[in-house]
Amino acid sequence: MNDNEKLAREVKGWRAKGGFTAESAAKVLGIPKRTFEGIEQGRGFPYPVLLRVAMESKTLSLQAMLEDCPPVEQRQRKTQREI
């Protein structure tokens with residue numbers, strides 16, 4: 001397996017774990033959708049280390065946001081009480 005294929009696997013795994021579409025994953029990482037799709041297809045990326053850092057950073061940021069956000073049931077109950 002070459003470096004581009006390895007990166008493609010990592011990116012696909014990250015996207016699957018996060019439940020992202022290709023479009024939303026590209027948006028989260030700040031790259032064009034076509035570039036993201038090319039990475040997943042094994043065409044590589046000139047800055048693989050930065051891409052890995054960005055994926056890790058975004059994963060940690062999303063986890064922190066989810067931890068700070070109350071579960072949907074709590075938000076729904078609160079909304080119903082306000083009505």
Exercise. Are there more than 12 heavy atoms of other residues, nucleotides or ligands under 6.0 Å from atom CD of E23?
Worked result: no
Indicate every side-chain donor-acceptor pair of residues 47-56 with a distance under 3.5 Å to a residue at least two apart or in another chain.
from : atom 1 : to  : atom 2 : distance (Å)
R52  : NE     : E10 : OE1    : 2.6
R52  : NE     : E10 : OE2    : 3.3
R52  : NH2    : E10 : OE2    : 3.2

Exercise. How far apart are the closest heavy atoms of E40 and A8, and which atoms are they?
Worked result: O-CB, 3.5 Å
For this session: Please tell me if the side chains of F36 and V28 come closer than 4.5 Å, counting only heavy atoms from C-beta onward.
Result: no
Exercise. Taking the side chain as C-beta and beyond, is there a heavy-atom pair between K33 and K27 under 4.5 Å?
Worked result: no
Problem set entry | I39 side chain near N4 side chain, heavy-atom distance below 4.5 Å | no
Problem set entry | Ion pair check, E37 and R43, cut-off under 4.0 Å | no
Exercise. Does the side chain of V11 reach to within under 4.5 Å of the side chain of F45, using non-hydrogen atoms?
Worked result: no
